[in-house]
Each structure stands twice: as C-alpha cells, then as structure tokens.
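The structure appears right after this line, and notes come after that.
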Amino acid sequence: MRVRRLAAWTALPLAVTLGLAACGSGGDGGSGGSDSSAVSIQIAEPKHLVPTNTTETSGSQVLAGLFSPLVDYDAQNKPYEVAAQSVTSSDNKVWTIKLKDGFTFHNGEKVTSQNYINAWNYGAYAPNGQDSNYFFEKIAGYADLQGKAPKAKELSGLKKVDDSTFTATLSEPYIDFKTTLGYNAFFPLPDAAFSAPGVLKDGYEQAPIGQGPFKMKGTWQHDSKIDVERYDAFPGEKPKVKNVEFRIYQQLTAAYADVQADNLDVLPTIPTESLSTAPSDLGDRYQTSPMSSFQFLAFPTFDKDYSNPDVRKAISMAIDRDEITKSVFKGSQQSARSFVSPVLPGYRDNTAGKAGEFNPTEAKKLYQAAGGPSKIVISYNGDGGHKDWVDATVNQLKANLGVDAVGSAEPKFADLLTKVEKKTPVGAFRMGWVMDYPTMEDYLGPLYSTNGSSNYYGYSNPEFDKLVKEGSAAKTQDEAIAKYQQAEDILAKDMPVIPLRFGENVFGHSSKVKNVEMDLFQRVNLVKIEAAS
C-alpha cells in the first residue's frame, strides 16, 4: 500500500517526529537574524529533494523556493497559472498545458515542455522508487510503468506539441487535474538532472537545479542547513530577500529559544509544550493561520470488535473533543465533526451529525446495545507527540463507556502502519492527513475508496466508490462537489473513522522580519517575507 501525505505528528513537522538523530547548527544559537537580504527558517532534515520523491513538509518547503509550480491557489483555493500560460481541456480527459515564456533553469537551460515530460516519466516509472509515483496514476499508460518489469518506460498519455506545449491524456476524465498540478511532483527537471534518458544523475538532489525564485548556494549540508539565494533571472514575482538559510533542527524547543532571542527568523511550528506561553512570549510575533491538517481515529473495520458502525459511533459520542482541544492543545486546533477540511469549497459543518456530538449517556446505551468490546486499545506512534491526547481520550472512554481503555505506543509511525497493513491486532489507531492539493476528492478518494492509496482500515462501500468516481468525472465543480458531499454523507453513516481535530498553522518569527505568511501546506511564503527595517 502506498503512503500519501499522512501526518505522523500532532503539532510537529513530520520529519521532526520521524526521529532524525543529528542536531542542526541552529540548535546552538548561531548568528541567525536577518537584514535586508537574508532570513533563516527552521526545518527538519528533509528525506529527499527530488520533486517526485518529496512528500514531507521540510523538503517541500525547500523545493517551494527552488521551483515554480505550473499553478498555485488563490484565496478561494482555486488554481491559477504560474509557470503555465494556460491549462485547458474540453472534456476533462485530454489536457493541454502551455508554458509561459521566460522561465530558465538555474544553470541557464530554457524550460521546455520536454522537461516536464521527462520529469513526470521519471516519477511514474516504478523501478525509480519515487514516493510520489501514484500522482501520475490518472495519466494514460501509467499501468505499463508499474511492477518490477514494466512494459514501458514512458507514459503514453504525455505528448509534446512544441517546445512550450504538451498534452496529458488521462485514462478517465478528471475535473481536478488542473488543481493537482500545483503539487511538487509535477515540477520539471532540467536535462542536467539526468546522466542518461530516464536516469537521474547521482548527486542531483545534493544541489537541485530548479526554475524557481531561488537557486542553491552550495550543496545540501545534511543535518545542518540548506542555503539558497535569489535567482535574478526568475521571470515571476521577485523575492524581497536575497538569501534564505533553511536551518535544520532536531529539537523544536531549541528552535523556539532561538526565535525568542532573534537568532532564528521563522519557526513554522510552536512546540506543544510552549503553546500556552507562546502568545505572551512572542507577543505580536506569535501568529496563526488556516492549515489543511486533519486528525482522526481509525478502526480496523475487518475486526469483529469494530465491524459494527454503531460501536464506532458510540465511541465517537463518548469523546469530548472540545475539552481535549482546550486542555491539551490550548485551543490551537479546532474540533472536527466532518471528514473534509473547512479550508475547502464544499466543506459542511458537522456532517457526522449526532455521532459527532458529545453525549455520554446515549453513547453508553448505543455501545452496550451494539456489543462493543470490553477493552478498547488506541494505538499511536510514540514519536509524534500524541501521548497526551490519547491518554485524555482513553480516560474519557473509561468514564463514559464503562470499559477498560488504554493507549499503546508504537516506536514510529512506520511501525504502526506496518502492523495495520499486516492486520496485526492494534485496536483503534490514530491517523492524520495533510492535503496534497485543495479538492474534496483529496480527503475522500485516497482515504476511504476500496482501493484507496491510504485506506488502512479495510473500509469498502461500493456506493461511496461510485460517488467519488462520479465526482471526479463531473463536468463542473458544482456537480463534483455535490457528488463528493453525497460520498461524505455515506462516511457519516458508516463512520470508518472518527473525525477529531482540524489543525492550523501556529508559528512565530523574530523581530527582524515582517510579512511572514504560511500556506495551507505549512510552508512559509518565500516571496512575501522581508526584513522589518
């Protein structure tokens, strides 16, 4: 099973909580600070810096400086062209992508349509082992590039028209294809990235060559920093700062101390232990903004203990989300009673209905009537900062359902996923999600479709599958949303997972910078940030 942008954390960046060992240079304080030309931003050690192999937030933050997407998203989360001149289709199946003039890679190569085709073919070819391989599955010919001995090395659905135009033919109509093109898997790669056709050059990701507003300054200093500088030939909106240092920390507490002392300019995530004091510690340098994360409790629906939807609904009704959000998260997250983030068009409040409301009396009646198990285990990854809220949840289940309940920590998120995939008994288990691109489909199809790439609970409902497919194939966004909402209503009846919380960006910055903005994907806007004086 492939892993999409599952969130291992509760309030920490993904890579931080995956247990990276080394402490970055910034942990010692460093010179830090900023002037009119330089800023420093905390990240964790990225896993990769190849666009089709980068699925975590720190690597994505660096790539957001080195590359420019075909499309980005406006305040209503609708895609608009950036590196693309236009992205059009008359049938949502054959898409024509025309590139803007003037984009060059940082080594001087002109960006052409072939650069996109080469990069996408590389990402889709299974033997290359790219973590974002599945993003190309809707393009015709994808199946022929899969397996240990693929039938082909190139997607039959990609065709070059001329140096600035290419077409992408999908296996089925997909209304949101243009929206997906803002994801980093769809960045282009220069000829210089390859040692031979389809073969990435050794060491490319140590100094990636992109076509974005910043270029690498030297090479990736592992577990220490990644320096980039403004690319003056960039044809789009110019950054206000000349240099950015992505400073790698192991411990957020060290980064928090640095941003308090003006030794670090931007800390994208306030550590949980500092949430209660951060507003007074940082004053107007403490900031919040919308984010797309979604935390939920999942059930092994194939397990007889949890196969009855009424058991799952009763557990949901026995959890006081608001109390946990207030006591553990200090109000930095929002209680969730729907399956789709409120940042998206099509979101509706409390689609879970009564099952999302705290009602311990009715919960206990329903649980006993449905024959729920006498002991509830909630498994979670111990490296993700989840212990406090899991402890609070099991205490509520004990009190409100009259059952034994216990939290069980797995060392790492990967350990938990491996057990779940093998159907090893783990009880209920926590999960999280950060959207790849702003559509309802991204919160539904991968997580709950019968063959969904991140359906770890064995949930299957043919009617749900049908509605998601009809939404993807809809001719208009309104029609698509209507279908997706009908699919979400089925989730509310079946409750394969319990919505718990929607996240938000909670970040801080030094007194030396201003216009610090973070997007829905927990990335700092590198074009807007500037020196305070």
Side-chain angles (χ1 to χ4, degrees), residues 5-17 39-44 55-65 72-77 182-184 244 246-247 249 252-253 255-256 258-260 264-295 325-326 328-336 340-344 347 384-385 389 432-438 442-443 500-510 513-530:
R5 193 169 287 203
L6 292 164
W9 39 262
T10 179
L12 306 178
L14 173 63
V16 169
T17 61
V39 297
S40 54
I41 298 173
Q42 178 270 334
I43 62 169
T55 58
E56 41 76 31
T57 53
S58 291
S60 177
Q61 172 70 83
V62 177
L63 292 184
D72 205 343
Y73 312 107
D74 63 18
Q76 286 72 47
N77 285 319
Y183 189 66
N184 52 247
V244 177
F246 297 106
R247 196 179 296 171
Y249 286 78
L252 280 186
T253 50
Y256 185 67
D258 278 356
V259 83
Q260 280 185 281
L264 172 72
D265 289 321
V266 184
L267 176 60
T269 303
I270 301 292
T272 49
E273 54 265 53
S274 301
L275 285 173
S276 61
T277 62
S280 58
D281 290 343
L282 297 174
D284 60 3
R285 297 188 283 130
Y286 170 85
Q287 302 284 327
T288 63
S289 67
M291 187 188 170
S292 63
S293 69
F294 172 45
Q295 295 281 335
T325 299
K326 179 181 178 182
V328 178
F329 296 98
K330 312 301 180 187
S332 64
Q333 299 195 22
Q334 174 185 343
S335 297
V340 173
S341 170
V343 303
L344 289 179
Y347 164 78
W389 73 260
W433 185 254
V434 177
M435 71 179 183
D436 304 309
Y437 39 82
D442 193 50
Y443 281 86
L500 293 177
R501 293 176 301 280
F502 294 120
E504 65 175 353
N505 291 312
V506 182
F507 59 103
H509 62 80
S510 75
V513 292
K514 63 181 180 181
N515 294 335
V516 182
E517 299 178 2
M518 294 195 64
D519 64 16
L520 299 175
F521 310 93
Q522 204 183 32
R523 299 176 304 199
V524 178
N525 188 325
L526 302 175
V527 174
K528 298 296 184 185
I529 189 172
E530 59 183 305

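All values reported here derive from a predicted model rather than from experimental measurement.
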* Starting at CG of N515, measure out to NZ of K528 and round the result to the nearest 0.5 Å. => 8.5 Å

* Assess the side chains of Y73 and D519: does a donor N or O sit below 3.5 Å from an acceptor N or O? => no

* Is there a donor-acceptor pair closer than 3.5 Å between any side-chain N or O of D442 and the backbone N or O of M435? -> no

* Asked: Quick one: OG1 on T269 to CG on N505, what's the gap to the nearest 0.5 Å?
  -> 7.5 Å

* To do: Identify the heavy atoms of R501 and A336 that sit nearest to each other, and give their distance.
  => N-CB, 3.4 Å

* To do: Let me see the working for F507 and L282 under side-chain contact (heavy atoms from CB on, under 4.5 Å), right down to the final yes or no.
  => CA-CA 10 Å; F507 59 103; L282 297 174; over 6 Å; no

* To do: State, yes or no, whether a side-chain contact exists between M518 and V524 at a heavy-atom distance under 4.5 Å.
  => yes

* State, with a plain yes or no, whether a side-chain heavy atom of L252 is found less than 4.5 Å away from one of L267. => yes

* Distance-only polar pair, side chains of T253 and E273, donor-acceptor under 3.5 Å -> no

* Asked: Just checking, any donor-acceptor pair under 3.5 angstrom between side chains of S341 and S292?
  -> no

* Which pair of heavy atoms, one from F521 and one from D436, lies closest together, and at what distance? -> CE2-O, 3.5 Å

* To the nearest 0.5 Å, tell me how far D281 CG sits from Q260 CD. => 4.5 Å

* Straight-line distance of Q295 CD to T325 OG1, nearest 0.5 Å -> 11.0 Å

* Structure fact -> Rounded to the nearest 0.5 Å, the CD atom of E504 sits from the CD atom of Q334 at a distance of 8.0 Å

* Asked: Would a distance-only check, ignoring hydrogens and angles, find a side-chain to backbone donor-acceptor pair under 3.5 Å from N77 to V343?
  -> yes

* Where L500 and W389 come nearest, the two heavy atoms and their spacing -> CD1-CZ3, 3.6 Å

* Structure fact -> Nearest heavy-atom contact between Q522 and P268 is NE2-O, 4.2 Å

* **Side-chain donor or acceptor of R285 paired with backbone N/O of H509 under 3.5 Å** => yes

* F502 vs Y347 aromatic rings, parallel, tilted or perpendicular, using cut-offs 30° and 60°? -> perpendicular

* To do: Check whether any side-chain heavy atom of Y286 sits under 4.5 Å from a side-chain heavy atom of V506, and report yes or no.
  => yes

* With the side chain counted from C-beta on, respond yes when S289 and E517 share a heavy-atom pair under 4.5 Å apart, and no when they do not. => no

* Contacts of S276 that satisfy side-chain contact (heavy atoms from CB on, under 4.5 Å) - sequence neighbours left out -> K330

* Asked: So do the side chains of F246 and L526 get within less than 4.5 Å of each other, counting heavy atoms only?
  -> yes

* To do: Decide if atom CG of D284 counts as having more than 12 heavy atoms of other residues, nucleotides or ligands within a radius under 6.0 Å.
  => no

* Taking the side chain from S58 and the backbone from I43, do they hold a donor-acceptor pair closer than 3.5 Å? -> no

* Structure fact -> CD (Q287) and CD1 (I270) are apart, to the nearest 0.5 Å, by 10.0 Å

